[in-house]
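Heads up: the structure comes next, in structure tokens.
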Number of protein chains: 2
Amino acid sequence: MKDIFKISISRVTLRRLADYLCILLQLPVERFKQISSAQFAKIIGSKPSRVRQDFHYFGGFGKPGHPYDVGILLSELKQVFGLDDRIGILIVGATPAAEMLLNNSMLKTLNIHIAGIVDFNRRKIDKDFHGHKIRAPKDVPALKADNNIKIGVITCEEPEPAVKLLVENNIRGIWNLSPRHVSAPKGFHIRYENITGGLLHLLYDLIEL
Amino acid sequence: MKDIFKISISRVTLRRLADYLCILLQLPVERFKQISSAQFAKIIGSKPSRVRQDFHYFGGFGKPGHPYDVGILLSELKQVFGLDDRIGILIVGATPAAEMLLNNSMLKTLNIHIAGIVDFNRRKIDKDFHGHKIRAPKDVPALKADNNIKIGVITCEEPEPAVKLLVENNIRGIWNLSPRHVSAPKGFHIRYENITGGLLHLLYDLIEL
DNA sequence: TAGATTGTTAATCGATTAACAATC
DNA sequence: TAGATTGTTAATCGATTAACAATC
């Protein structure tokens with residue numbers, strides 16, 4: 001990463017960079033000390049030139065004549081996403097989606113930890129949820145102070161109160177796994193993750209004529 | 001949908017069409033009998049001309065001079081994704097991600113039902129999983145015969161045996177929620193759903209300089 | 001009819017790709 | 001050095017957008 005400026009990177013490129021990172025983390029380390037743009041492209045189903053162009057936006061991560069060094073690549077890609085610090089996320093909603101995140105091995109590998117699970121339902125508060133104590137909304141400031149919480153994840157069906165809570169606590173990244181669109185003030189970043197979208201796309205692919 | 005031919009539609013357009021459909025399904029029906037491209041664009045954070053262009057690939061879903069009729073739009077969009085028939089999906093892996101899908105209200109609304117949950121772990125087979133009996137891999141042919149199963153969902157960490165099972169049973173849509181990339185023979189459609197990709201994108205957005 | 005809003009086109013903008021110079 | 005593979009450019013290809021004609 002040679003540039004100090006944060007250049008404007010397209011959503012698709014950024015998304016692919018995330019995929020590259022996840023692929024590297026899944027690779028058997030002993031067998032892959034180096035990886036070429038061609039090998040990479042084959043795994044991900046892309047083209048070597050696209051891989052190199054994606055890296056090029058950040059000045060390139062290799063040296064001409066040699067395949068990429070997996071260790072260097074990993075460290076550069078982690079830096080792109082600000083993963084040098086340990087990142088905390090706050091889950092809003094003690095739901096099956098929350099459990100899925102608790103169970104997600106990639107998050108641990110990325111040095112992203114679940115700093116707490118909050119629920120609005122009073123009967124759930126203080127109960128155990130797969131090894132985590134469910135917290136009350138009023139506990140969020142204390143949790144945030146201790147855990148470098150950058151992102152709040154909305155896993156409940158109704159996103160409005162969750163967004164309100166995150167905005168009040170100035171948690172500026174909002175990952176919306178609920179089915180409804182929602183908005184937040186300027187300075188907050190929301191991502192609507194419509195999981196069924198991928199399934200529908202697949203259904204379209206299956207239609208034949 | 002005026003065209004009989006399946007035109008080549010870009011991934012981004014198709015993905016937005018899925019989002020449009022999900023938004024319509026979440027809209028309070030009483031208040032929205034009609035919706036204009038401008039209203040739509042505002043909800044989804046897009047532009048009216050892009051909404052209309054997306055619909056235009058399918059010949060357009062409205063009549064000049066009038067906003068779209070929500071009922072017609074819903075029916076057209078469902079048709080785009082082949083949702084006129086009741087679609088069945090098979091879940092491979094009795095995992096938290098599987099529970100998340102069982103709990104997903106959008107799937108029910110889309111007339112997509114979970115036809116069965118299969119696991120490779122013998123100790124899990126025949127046990128109850130949130131109201132579903134966990135099935136053995138050998139039961140898949142019978143399940144498929146009864147349930148119009150179009151898609152198999154891989155929710156376990158290790159995708160290889162799951163893909164093998166789906167290919168053997170000629171389930172041609174493979175929705176891979178596992179962290180690893182995987183390939184399948186020609187004629188099968190695989191979608192790798194890297195959920196952490198969205199989270200990483202959000203982390204990038206939060207970096208400031 | 002007049003007004004509203006779509007369908008459709010074409011210009012603009014951005015992403016992909018191939019080609020090759022650079023260089024380890 | 002020669003070979004390999006990157007970094008970088010520029011051409012091509014595709015998506016977005018604005019503008020307006022069509023029309024209910």
Side-chain angles (χ1 to χ4, degrees), chain A residues 1-3 5-20 24 32-77 80 197 201 204, chain B residues 1-3 5-20 24 32-77 80 197 201 204:
Chain A
M1 206 150 57
K2 284 160 195 158
D3 258 329
F5 302 99
K6 189 175 175 187
I7 353 135
S8 174
I9 305 289
S10 80
R11 296 189 86 72
V12 277
T13 290
L14 227 25
R15 191 55 202 241
R16 280 194 301 262
L17 288 168
D19 283 346
Y20 299 148
L24 286 178
F32 285 92
K33 294 230 175 298
Q34 297 190 311
I35 187 167
S36 69
S37 55
Q39 286 176 292
F40 230 133
K42 197 172 178 195
I43 296 172
I44 206 171
S46 183
K47 301 239 165 153
S49 58
R50 184 152 66 173
V51 172
R52 294 202 301 276
Q53 182 63 286
D54 285 338
F55 294 171
H56 180 58
Y57 291 115
F58 294 86
F61 298 143
K63 300 246 178 294
H66 300 281
Y68 298 100
D69 180 286
V70 171
I72 293 172
L73 210 44
L74 268 173
S75 131
E76 295 276 16
L77 286 171
V80 164
H201 196 304
Y204 177 85
Chain B
M1 207 149 54
K2 284 160 196 157
D3 257 331
F5 303 99
K6 187 175 176 189
I7 351 134
S8 174
I9 306 289
S10 80
R11 296 190 85 74
V12 278
T13 291
L14 226 25
R15 191 56 200 239
R16 280 195 301 264
L17 288 168
D19 283 346
Y20 300 148
L24 286 177
F32 286 92
K33 294 232 176 294
Q34 296 190 312
I35 188 166
S36 69
S37 55
Q39 288 175 292
F40 231 134
K42 198 173 176 192
I43 296 172
I44 206 170
S46 183
K47 302 239 164 151
S49 57
R50 185 153 64 173
V51 173
R52 295 203 299 277
Q53 182 63 285
D54 284 338
F55 294 171
H56 179 59
Y57 292 114
F58 293 87
F61 299 142
K63 299 247 176 292
H66 301 281
Y68 298 98
D69 179 285
V70 171
I72 293 172
L73 210 43
L74 268 173
S75 128
E76 294 276 18
L77 285 170
V80 163
H201 197 302
Y204 177 84

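Naming: A, B, ... by sequence-line order, numbering from 1 per chain.
Side-chain to base pairing of B:Gln53 with D:dT17: one donor and one acceptor N or O lie within less than 3.5 Å of each other.
When rounded to the nearest whole Å, the span between NZ of B:Lys47 and C1' of C:dT12 equals 12 Å. Atom CG of A:Asp54 is separated from atom P of D:dT6 by 14 Å (rounded to the nearest Å). In this structure, A:Ile72 atom CD1 and C:dC24 atom C1' are separated by 13 Å, rounded to whole Å. The distance between atom CG of A:Leu17 and atom P of C:dA15, rounded to the nearest whole Å, is 13 Å. The nearest whole Å value for the distance from the CZ atom in B:Phe55 to the P atom in C:dG7 is 9 Å. Atoms CZ (B:Phe40) and P (C:dT6) sit 11 Å apart, rounded to a whole Å. When the P atom of D:dA19 is taken as reference, atom CZ of B:Arg50 falls 17 Å away, rounded to whole Å. If you take OH of A:Tyr57 and C1' of C:dA15, they are 6 Å apart, rounded to a whole angstrom.
In this structure, B:Val80 and B:Ile9 have side chains that are not in contact, with every pair of non-hydrogen atoms separated by 4.5 Å or more. By the 4.5 Å heavy-atom criterion applied to side chains, A:Leu17 and B:Tyr204 are not counted as neighbours. Side-chain contact check for B:Lys33 versus B:Val70: every heavy-atom pair is 4.5 Å or farther apart.
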What nitrogen or oxygen pairs link the protein and nucleotides 3-5 of chain C at under 3.5 Å?
| residue | atom | partner | partner atom | Å |
| --- | --- | --- | --- | --- |
| C:dT5 | O4' | B:Gly65 | O | 3.4 |
| C:dT5 | O2 | B:Gly65 | N | 2.7 |

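Two rings, from B:Phe55 and B:Phe61, have their centers less than 6.0 Å apart.
Considering only residues two or more places apart in sequence or on other chains, B:Arg16 meets the salt bridge (Lys or Arg N to Asp or Glu O under 4.0 Å) condition with B:Asp54. Residues passing the side chain to side chain donor-acceptor pair (under 3.5 Å) test with B:Arg52 are B:Ser37, sequence neighbours excluded. By the side chain to side chain donor-acceptor pair (under 3.5 Å) test, A:Ser49 pairs with no residue at all, sequence neighbours left out. With sequence neighbours left out, the side chain to side chain donor-acceptor pair (under 3.5 Å) criterion links A:Ser46 to A:Arg50.
Considering B:Val51, B:Ile43, B:Asp69 as possible partners of B:Ile35, the one that fulfils the side-chain contact (heavy atoms from CB on, under 4.5 Å) test is B:Ile43.
In this structure, A:Arg11 reaches neither bases nor backbone, as no heavy-atom distance under 4.0 Å exists between it and the strands shown.
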Fill in the blank from the handout: For DNA chain D, the dot-bracket notation using Watson-Crick and G-U wobble pairs below 3.5 Å, [ ] for pseudoknot-type crossings and | for other-strand pairs, is ..||||||||||||||||||||||

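For D:dG7, neither phosphate oxygen OP1 nor OP2 lies less than 4.0 angstrom from any side-chain nitrogen or oxygen of A:His56. OP1 and OP2 of C:dT16 both lie 4.0 Å or more from every side-chain N or O belonging to A:Ser49.
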